[in-house]
Amino acid sequence: MASSELVLMTDHSSTEGSRDTLVAAVHALTGRAPALLDARHFTPGGSGRIRTDGEEPRLEADGVSVGADTVLVYEIPPHRRRDFETVQHGLRAAGVRSLGTNAAAWRAATEKDRTVACFTRDGIAHMPTVAFTRPDAEEAAEAFERLGRDVWARPTIGMGGTDVFHVSTHAQLRAAAEFYARAGTGWLIARDARNFGPDGRRHQYRVVVLGGRVLRVVEHVQLDPDAPCNESRGAVSTRLEPGDLPAGLAELAVAAAESLGLSFAGVDLAAESGGVVFEVNVHPAFGTDRGLETVAVPYVAAHLAAGGVSG
């Protein structure tokens with residue numbers, strides 16, 4: 001093993017597949033595979049350590065010790081990101097090249113109430129939203145009325161459209177409130193963006209940005225008007241060219257990522273309602289339609305380039 005390695009740190013329990021795509025991207029750019037480390041070793045209770053007592057930082061875990069000047073961090077599930085913050089601070093303090101060390105930006109994107117606060121502060125267009133922890137029935141009902149009795153309820157921390165509900169009646173609102181109370185999670189309701197295409201189907205865009213430029217655009221189309229526009233919930237995805245985006249959405253996607261402090265992100269947004277952002281993803285899935293070339297390779301290249309050390 002070389003004295004200094006490009007390290008790919010992911011949660012090895014993830015089945016998403018991004019790790020394999022990143023391995024291929026590293027090999028395409030460097031001719032070598034990265035050193036693989038399971039991020040779970042570096043969360044509380046794990047054996048992982050960041051050593052800075054030599055000439056170069058070293059990452060140690062599960063009997064492996066590797067010198068690391070560049071660290072790719074990906075596939076860290078939202079519910080584990082707070083536990084990973086100590087690692088992010090340690091990597092940043094060690095001076096490794098990485099786009100995965102900005103813990104504050106990750107938290108702002110992962111916790112949707114913080115996302116809304118950042119968007120409100122910076123004037124990023126989004127649908128009116130009310131965040132809750134454990135609201136009483138009157139508080140939730142009043143917010144529901146204020147938002148027009150047509151909202152989407154979602155957990156403060158989540159992924160893939162899981163536990164997201166379209167709510168248009170007080171009975172549905174009570175059911176959502178009871179669901180989140182049983183789960184012990186905070187939640188939000190946001191006014192429906194009415195993001196229907198000419199064919200009557202819901203649609204939205206996933207725009208992946210890096211360093212202020214658009215890398216990839218995918219349109220998600222959902223036949224069920226009461227289901228979120230996620231592939232895992234039945235939406236159909238089609239890759240588009242960046243120039244196919246409606247006017248202003250590329251700039252809006254870049255501004256949304258910058259509002260949260262991210263240089264790399266997948267931004268979900270719609271052209272309807274004047275152009276609005278739904279959420280920003282820290283680790284967007286690469287997809288199967290040229291995801292390696294359009295996203296993974298540029299992402300790895302940014303780490304290898306001088307100055308690619310934040311965000």
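Values below: every heavy atom of this structure, side chains too, minus hydrogens, waters and symmetry copies.
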Within-4.5 Å side-chain heavy-atom neighbours: L260 and W106: no
Counting only N and O atoms by type, is there a donor-acceptor contact under 3.5 Å from the side chain of R97 to the main-chain atoms of L304? yes
Are a donor atom and an acceptor atom from the side chains of D11 and S13 found within less than 3.5 Å of each other? yes
Take the angle between the ring planes of F286 and Y74 and call it parallel below 30°, perpendicular above 60°, tilted in between. parallel
N/O donor-acceptor pair under 3.5 Å between D244 side chain and E241 backbone: yes
Enclosure of R149 CZ (heavy-atom neighbours >12, cutoff 6.0 Å): no
Donor-acceptor under 3.5 Å (N230 side chain, R233 main chain): no
Checking S18 against E16: is there a side-chain donor and acceptor pair closer than 3.5 Å? yes
Residue set satisfying side chain to side chain contact (heavy atoms under 4.5 Å, CB included) with R134, at least two apart, ordered chain then number -> A181
Partner residues of D38 under the side chain to side chain donor-acceptor pair (under 3.5 Å) criterion, sequence neighbours left out: R40
Verify, without hydrogens or angle tests, whether R58 (side chain) and S65 (backbone) share a donor-acceptor contact under 3.5 angstrom. yes
Y205 side chain near V267 side chain, heavy-atom distance below 4.5 Å: no
Which pairs would a plain distance check flag for residues 119-131, meaning a side-chain donor or acceptor within less than 3.5 Å of a matching protein atom at least two apart in sequence or in another chain?
from, atom 1, to, atom 2, distance (Å)
T120, OG1, V116, O, 2.9
R121, NH2, S259, O, 3.0
D122, OD2, S259, OG, 2.7
H126, ND1, I124, O, 2.8
T129, OG1, M127, O, 2.7

Take E111 and R81 through the test salt bridge (Lys or Arg N to Asp or Glu O under 4.0 Å) and record every step on the way to the result. CA-CA 10 Å; E111 300 175 16; R81 288 178 188 161; over 6 Å; no
Can you tell if the side chain of V26 reaches within under 4.5 Å of the side chain of L8, non-hydrogen atoms only? no
Tell me, do R82 and E85 make a side-chain contact under 4.5 Å, heavy atoms counted? yes
Any heavy-atom pair between the side chains of V280 and L262 that's under 4.5 Å? yes
For R201, does the CZ atom sit with more than 12 other heavy atoms under 6.0 Å from it, leaving out its own atoms? no
Would you check if F278 and W152 make a side-chain contact, meaning some heavy-atom pair closer than 4.5 Å? no
Quick one: does H303's side chain have a donor or acceptor within less than 3.5 Å of a partner on L99's backbone? yes
Look at the side chain of D150 and the backbone N and O of S168, then say whether any donor-acceptor pair between them is shorter than 3.5 Å. no
Quick one, P34 and V23 - any side-chain contact, counting heavy atoms below 4.5 Å? yes
Is there a donor-acceptor pair under 3.5 Å between the side chain of T156 and the backbone N or O of W187? yes
Please say yes or no: joined through hydrophobic side-chain contacts below 4.5 Å, possibly via intermediate residues, are M159 and V164 part of one cluster? no
Taking the side chain from T10 and the backbone from E75, do they hold a donor-acceptor pair closer than 3.5 Å? no
On a heavy-atom basis, the closest approach of G261 and N102 is O-ND2, 3.4 Å
L91 and V73, any side-chain heavy atoms less than 4.5 Å apart: yes
Closest non-hydrogen contact found for G158 with P78 is O-CG, 3.8 Å
For Y180 together with F132, are the ring centres under 6.0 Å from each other? no
Report yes or no: does R216 contribute a side-chain atom to a donor-acceptor pair with the main-chain N or O of V295 at less than 3.5 Å? no
We want to know whether E60 and H41 form a side-chain donor-acceptor pair, criterion being a heavy-atom distance below 3.5 angstrom. no
